[in-house]
Number of protein chains: 2
Amino acid sequence: MKFRTLCRSTLIAILLVTTAYAQAPLPSWNDGPAKQAIVSFVHVTTDSSSPSFVPPEERIATFDQDGTLWVEQPLYTQLQFALARVVALAPQHPEWKTTPPFQAVLSGDKAAIAKFTLTDLEAILIATHSGMTVEEFRAEVKNWLATARDKRWNRPYTELVYQPMLEVMRYLRANGYKTYIVTGGGQEFVRAYAEAIYGLPPEQVIGSALETQYEYNPSGEAVLVKAPKLLLNNDKQGKPEDIYLFLGRHPKAAFGNSSGDRQMLEYTQAGGGASLMMLVLHDDAQREYAYGPAQGLPDSKIGTFPQTLYDEAGAKGWIVISMKKDWKHIFASEN
Amino acid sequence: MKFRTLCRSTLIAILLVTTAYAQAPLPSWNDGPAKQAIVSFVHVTTDSSSPSFVPPEERIATFDQDGTLWVEQPLYTQLQFALARVVALAPQHPEWKTTPPFQAVLSGDKAAIAKFTLTDLEAILIATHSGMTVEEFRAEVKNWLATARDKRWNRPYTELVYQPMLEVMRYLRANGYKTYIVTGGGQEFVRAYAEAIYGLPPEQVIGSALETQYEYNPSGEAVLVKAPKLLLNNDKQGKPEDIYLFLGRHPKAAFGNSSGDRQMLEYTQAGGGASLMMLVLHDDAQREYAYGPAQGLPDSKIGTFPQTLYDEAGAKGWIVISMKKDWKHIFASEN
């Protein structure tokens with residue numbers, strides 16, 4: 001084949017692949033209003049001749065994590081980690097054997113654990129997430145994730161990420177959007193794996209955070225030690241407050257799945273212009289879980305999706321994503 | 001001229017300009033150890049064959065603002081703004097006429113103002129920086145900056161930015177560094193002009209911050225209202241703590257000018273590998289100000305540069321920038 005012919009063939013091949021990709025940016029999504037809303041939002045905000053064009057520096061998309069990007073049932077992954085840490089740290093805390101809520105964890109009292117209040121959970125989170133340098137904490141998280149397994153699927157938690165949502169993140173990034181996780185979970189916990197799992201650098205993870213304490217290690221070097229005091233509670237109204245604290249702007253697109261994300265979606269819409277607000281509805285008990293009373297599904301303490309949120313979504317033009325109808329695959333391993 | 005000749009001439013011209021720029025990246029700097037340290041840091045961290053090469057995602061440079069990027073004497077610009085706001089808001093606060101510290105501001109009692117404690121200043125900052133939406137606050141700052149003038153130079157405060165430091169920021173950015181302001185001043189105050197003055201988007205400004213309160217305006221839209229409570233005190237140890245909170249990484253380069261920047265520089269160096277820590281010394285009373293007892297200059301409540309900081313810089317290889325010796329020009333208008 002002559003060089004010129006080779007060049008032409010290569011160009012045509014590239015063109016075909018590019019066109020195919022442009023035509024099918026979300027391969028794990030079924031055609032329907034949800035997929036259409038995402039594609040059309042990207043088109044109108046990135047076409048420079050569109051009245052809804054968004055300049056690149058304002059292209060910000062925020063994603064809740066638990067229940068929006070990965071499985072949150074039967075218990076948030078971070079709580080599984082915290083409970084495992086209570087067991088691991090127990091020898092250094094003999095008093096925990098007789099102190100609630102640690103006592104229940106150490107004796108494996110599932111009924112008591114199921115009844116934990118927010119105060120109980122906060123006590124466990126603070127006790128297991130403080131007292132070490134930030135680097136030591138990240139290493140602990142990585143070590144635990146390397147061996148811990150979800151019981152239902154017998155797979156690492158980091159494999160229980162929703163393939164369709166990874167595709168949304170990649171699609172948005174390919175169109176100049178900067179993607180952020182905005183999670184009620186711990187910022188440091190998520191940053192430990194966000195780069196590997198979501199392709200997100202640490203500065204693109206906003207989450208709940210304990211204070212850190214500036215100290216010097218025995219070699220006289222500066223270290224930051226996680227302190228037992230909550231600085232940011234990045235849930236509900238905390239989400240827009242912290243988005244503004246970190247970024248100083250409204251997102252243009254926001255994805256959530258529960259009452260904890262309501263304010264983030266409201267705040268995204270309040271920025272004006274074209275915006276995209278989406279809620280993942282867990283209505284697929286077979287392939288994942290089904291919960292959310294709005295759809296006549298069982299209620300859940302985790303990832304509450306009440307009728308009022310469903311009503312607000314309808315009234316404000318937010319799009320509800322049905323896992324059952326909108327997603328061809330839930331996990332990458334199903335492809 | 002034939003097309004081919006034109007092309008060749010254009011290419012040669014571009015090459016010459018590019019080479020000239022590469023040879024002289026910091027035109028307002030005199031040759032000397034400070035300029036050399038910056039250029040050599042950029043070379044060793046961006047040359048992929050260098051053992052000190054820093055991957056692009058880790059190229060973070062942080063800059064204190066007051067006294068490092070612009071004039072901080074005789075009073076921080078933000079305090080000038082706050083004092084003007086006290087006067088402007090006084091009609092809505094008749095009680096201020098008889099309440100310290102507001103009383104002193106309203107009666108123009110300069111002696112009393114000079115003696116203000118940190119508690120007095122905090123009361124004034126909180127009273128003048130809260131109770132409005134974040135958008136309203138930014139508009140107030142912009143309005144004030146448009147007409148306020150520094151008395152010595154009779155010029156807008158935003159023109160009192162150090163030209164040599166703007167060149168450092170641009171030079172670092174041209175070499176893949178992401179530049180951040182990390183200021184003890186108010187994050188919202190600085191964000192109001194950071195884009196125009198420093199070319200920095202709001203997410204690249206980290207500063208002291210009040211809490212915000214999520215509310216709904218009369219149209220039912222989400223708004224964030226500045227609340228009278230300090231959330232982040234971004235000074236001294238607060239600087240590395242907040243850098244980690246926002247970015248999750250050590251900077252590779254850090255620039256400051258006082259005790260308030262000590263921990264940021266220590267933390268930068270503690271990240272390991274090649275790093276650059278620099279302190280601006282104000283030793284030029286004629287062109288700007290001279291203060292800092294380490295050099296036998298008068299002490300100053302603002303921008304303290306004590307002997308201990310000077311000693312630490314010497315012991316740890318931090319570079320002290322002499323405004324007098326290292327800078328050809330102080331302000332852009334002198335060019």
Side-chain angles (χ1 to χ4, degrees), chain A residues 57-58 60 134-135 138 178 180 187-188 190-192 194-195 200-207 209-217 219-227 231-232 236-250 262-272 316, chain B residues 57-58 60 133-135 138 178 180 187-188 190-192 194-195 201-207 209-217 219-227 231-232 236-250 262-272 316:
Chain A
E57 66 275 18
E58 292 177 21
I60 289 173
V134 293
E135 287 81 9
R138 277 201 204 179
K178 216 163 162 184
Y180 288 83
Q187 180 167 285
E188 277 311 292
V190 179
R191 281 176 173 179
E195 183 91 56
L200 291 181
E203 65 269 27
Q204 282 167 242
V205 176
I206 300 171
L210 299 183
E211 289 188 359
T212 53
Q213 176 85 33
Y214 185 81
E215 293 179 9
Y216 299 96
N217 68 16
S219 319
E221 285 171 339
V223 290
L224 292 169
V225 174
K226 286 173 72 69
L231 176 66
L232 302 178
K236 298 190 172 69
Q237 63 271 27
K239 292 199 174 196
E241 289 165 11
D242 296 337
I243 288 170
Y244 190 79
L245 178 71
F246 278 64
L247 308 182
R249 305 185 201 263
H250 294 257
R262 183 194 293 260
Q263 289 86 346
M264 175 166 76
L265 270 61
E266 288 173 348
Y267 181 70
T268 300
Q269 193 159 30
K316 295 186 172 171
Chain B
E57 66 274 17
E58 292 176 22
I60 290 172
T133 68
V134 292
E135 287 82 8
R138 276 201 204 180
K178 214 163 163 183
Y180 288 83
Q187 180 166 285
E188 277 312 290
V190 179
R191 282 177 173 178
E195 183 91 55
E203 65 269 26
Q204 282 166 244
V205 177
I206 300 172
L210 297 183
E211 289 189 357
T212 54
Q213 175 84 33
Y214 184 82
E215 292 180 10
Y216 299 96
N217 68 15
S219 320
E221 284 169 341
V223 289
L224 291 170
V225 174
K226 285 172 74 69
L231 177 65
L232 301 179
K236 299 191 172 70
Q237 65 271 26
K239 292 201 174 193
E241 288 165 11
D242 296 337
I243 289 171
Y244 190 79
L245 178 72
F246 278 65
L247 308 181
R249 303 185 204 263
H250 293 258
R262 183 195 294 260
Q263 290 85 349
M264 176 167 77
L265 271 58
E266 289 174 346
Y267 180 69
T268 300
Q269 192 160 27
K316 295 186 172 172

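What you are looking at is a predicted structure, and each value in this text was computed from that prediction instead of being measured. Letters A, B, ... mirror the listed sequences (proteins, then strands); counts begin at 1.
Listed for the Gln263(A) side chain is no donor-acceptor partner under 3.5 Å among the backbone atoms of Tyr214(B).
Annotation for Pro201(B) and Arg249(A): closest pair CB-NH2, 3.5 Å, computed over non-hydrogen atoms. A pairwise comparison of heavy atoms in Ala222(A) and Ala270(B) identifies O-CB, 3.6 Å as the closest pair. Between Leu224(A) and Pro240(B), the closest heavy-atom pair is CD1-O, 3.7 Å.
Not a single salt bridge (charged side-chain N to carboxylate O under 4.0 Å, His left out) links Glu215(B) to another residue, sequence neighbours left out. Not counting sequence neighbours, the partners of Tyr267(B) by the ring-ring contact (aromatic ring centres under 6.0 Å, His included) test are His250(B).
When each of Gln269(B), Glu241(B), Gln237(B), Gln187(B) is checked for heavy-atom pairs under 4.5 Å with chain A, Glu241(B) comes out on top. No other option in Glu57(A), Lys236(A), Arg138(A) has as many heavy-atom pairs under 4.5 Å with chain B as Arg138(A). Of all the listed residues (Glu221(B), Arg191(B), Gln204(B)), the one sharing the greatest number of non-hydrogen pairs under 4.5 Å with chain A is Arg191(B).
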**OP:** Please step through side-chain contact (heavy atoms from CB on, under 4.5 Å) for the pair Leu245(A) and Leu231(B), ending with a clear verdict.
**Re:** CA-CA 10 Å; Leu245(A) 178 71; Leu231(B) 177 65; 3.9 Å; yes
Subject >> side-chain contact (heavy atoms from CB on, under 4.5 Å) between Tyr244(A) and Glu188(B), worked out >> reply: CA-CA 10 Å; Tyr244(A) 190 79; Glu188(B) 277 312 290; 2.6 Å; yes
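In this structure, no portion of Glu58(B) lies under 4.5 Å from any heavy atom of chain A. Looking at Lys178(A), only its side chain comes within 4.5 Å of chain B, counting heavy atoms on both sides. With a threshold of 4.5 angstrom between heavy atoms, Glu266(B) approaches chain A through its backbone and through its side chain.
Using modelled atom types, one finds no donor on one side chain facing an acceptor on the other under 3.5 Å when comparing Glu203(A) with Tyr180(B).
The line from CG of Leu232(A) to CG of Leu232(B) is 7.0 Å long, rounded to the nearest 0.5 Å.
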